[in-house]
Amino acid sequence: MTAARICDSPAEAVAGIEDGSTILIGGFGLAGMPVRLIDALIDQGATDLTVVSNNAGNGDTGLAALLAKGRVRKMICSFPRQPDSWVFDGLYRAGKIELEVVPQGNLAERIRAAGAGIGAFYCPTGVGTPLAEGKETRDIDGRTYVLEYPIRGDVALIGAHRSDRMGNLVYRKTARNFGPVMATAGELVVAQVSEVVETGQLDPEVIVTPSIYVDRVVAV
Amino acid sequence: MSLSEHEMAALIARDIEPGSFVNLGIGRPTLVADHLPAGAGIVLHTENGMLNMGPAATGDQADPDLINAGKVPVTELPGSAYFHHADSFAMMRGGHLDVCVLGAFQVSARGDLANWHTGEPDAIPAVGGAMDLAAGAKRVYVMMTLFTRDGVPKLVPECTYPLTGVGCVDRIYTDLATFVITDRGVVVRDTFGISFEELSVRLPVPLVDRPDQPAPRPVRGASQPAGDSPRRS
């Protein structure tokens, strides 16, 4: 894979995303959510999407706006219900969207596994609860674990703080959240950043997402 | 007198060992942070990727990139560290967190926890990090009222709400009593404005009167040495 392409616009950054795609969307609430990429995706028109994100939209912007347009067939998330998740709540109660609830750490680790080439892993989270029902379990050293499979995306849309022209990324504070793991697990990885700097201007010691994972970058 | 929620939070804060790494669940457990003793070196973890989280931000301090698990703007402290979500939850599952404090709908006499879903048909399930914390923290403390507003006990023989974790709760801090889940049963450690006898009548689970030093259950994860370590409670 060649180095990341620095795009001139969010529209260029999301070009070519197909109907029916699984899209990993970074962010914890609105922190780290790539709102401008999602807005561009709304304009781009892809539909029948499966979206993987921690929450199911806040307020009326970002992921909530994509949901409101009826573009999402299924949400895979840990925490859909929030005080400001009225868009998702309405769709769910009207039977217009599927929901798969995944414990937050399993969501992160399943995405990580996809990006790391792990076929599946045994995890103690959720054992004996409805979210582990029907899943294979195994006792290891006296403890029960449940088998969890990777979650990979056709596309990952993430928010970062800065990129260099190669696509090396740094993040800012708790807006890092799912960005680094999602960047490893998308077939097409698109980062929205606040600034693109010249290659060599980011300290190699502080780069969190190396450019090998990143396909497109746009500064907004 | 029964305890106010701030008195419950203060009691929990007093029971957390100096130097502990602690995760406080969203909602009422967040109050514990207000009562942690200064200088005790207690480090707060927030699931969305931060250690040594500071107090809530006020006014101009608020930064949309710096929030807690409840999505409330917070602050940094000297020694804060950021990390991504997979690392944050590896800290929980890997047994690195000493204590988490969670709210609950119900806790069973065996320490099963139900706190994520009422199971009602129109309820939207949302688990967040609760199952990961329940499975991963070395000690799981629950902070809740002992009865619902309608007077229904929340300490029960078997949870009727969907479970968050099995046998994971170590202590239950309530407005009327503090309970320790042990191999000998549910030990009543403290009571507040109620007698042991009255508690026994009002709760549908057998209770053991206060400790002649109940042996705490072994810490989950086999790597913990048998002797007392400073972070064990």
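Note that this is a predicted model, so its numbers are computed, not measured. Numbered from 1 within each chain, the chains take letters A, B, ... in sequence-line order.
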[X] portion near chain B, given a 4.5 angstrom heavy-atom threshold:
X        : value
A:Ile111 : neither
A:Asp141 : neither
A:Arg81  : both
A:Asp89  : both
A:Val102 : backbone
A:Val127 : backbone
A:Cys123 : side chain
A:Arg112 : side chain

What part of [X] is in contact with chain A, defined as an atom under 4.5 angstrom from a non-hydrogen atom: side chain, backbone, both or neither?
X        : answer
B:Leu113 : neither
B:Thr164 : backbone
B:Pro125 : both

- request: Validate the cation-pi geometry between A:Lys173 and B:Tyr82: distance from NZ or CZ to the six-membered ring centre under 6.0 Å, angle to the ring axis within 45°.
  value: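 No, cation not above the ring by the 6.0 Å, 45° rule.
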Short N-O contact, A:Arg172 and B:Asp63, less than 4.0 angstrom: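 Answer for the salt bridge query: yes.
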message: Taking A:Glu148 first and then B:Arg93, would you say they form a salt bridge - that is, a charged N and a carboxylate O separated by under 4.0 Å?
response: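 Looking at B:Arg93 together with A:Glu148, the answer is no, because their closest N to O distance does not fall below 4.0 Å.
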Between [options], which residue shows the highest count of heavy-atom pairs closer than 4.5 Å to chain B?
options                             : answer
A:Asn106, A:Thr144, A:Asn54         : A:Asn106
A:Pro103, A:Ala108, A:Gly128        : A:Pro103
A:Phe79, A:Tyr171, A:Tyr92          : A:Phe79
A:Ala31, A:Pro124, A:Pro83, A:Pro80 : A:Pro80

Around [X], counting heavy atoms of other residues, nucleotides and ligands shown, do more than 12 lie under 6.0 Å from its [atom1]?
X        : atom1 : value
A:Lys69  : NZ    : no
B:Gln61  : CD    : yes
B:Asp122 : CG    : yes
A:Arg36  : CZ    : no

Is [X] reaching over with its side chain to a backbone N or O of [Y], donor-acceptor style, under 3.5 angstrom?
X        : Y        : answer
B:Asp87  : B:His84  : no
A:Ser163 : A:Val170 : no
A:Thr22  : A:Thr50  : no

task: Just give me the residue among B:Val166, B:Asp132, B:Leu163 that pairs up with chain A most often, heavy atom to heavy atom, under 4.5 Å.
output: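 The option with the most such pairs is B:Asp132.
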message: If we define contacts as heavy-atom pairs under 4.5 Å, which of B:Ala81, B:Ala86, B:Ser88 has the most with chain A?
response: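 Looking at each option in turn, the highest pair count goes to B:Ala86.
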query: Can B:Asn48 and B:Thr46 be counted as having a side-chain donor-acceptor contact under 3.5 angstrom?
result: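 Looking only at side-chain atoms, B:Thr46 and B:Asn48 do form a donor-acceptor pair, the distance falling under 3.5 Å.
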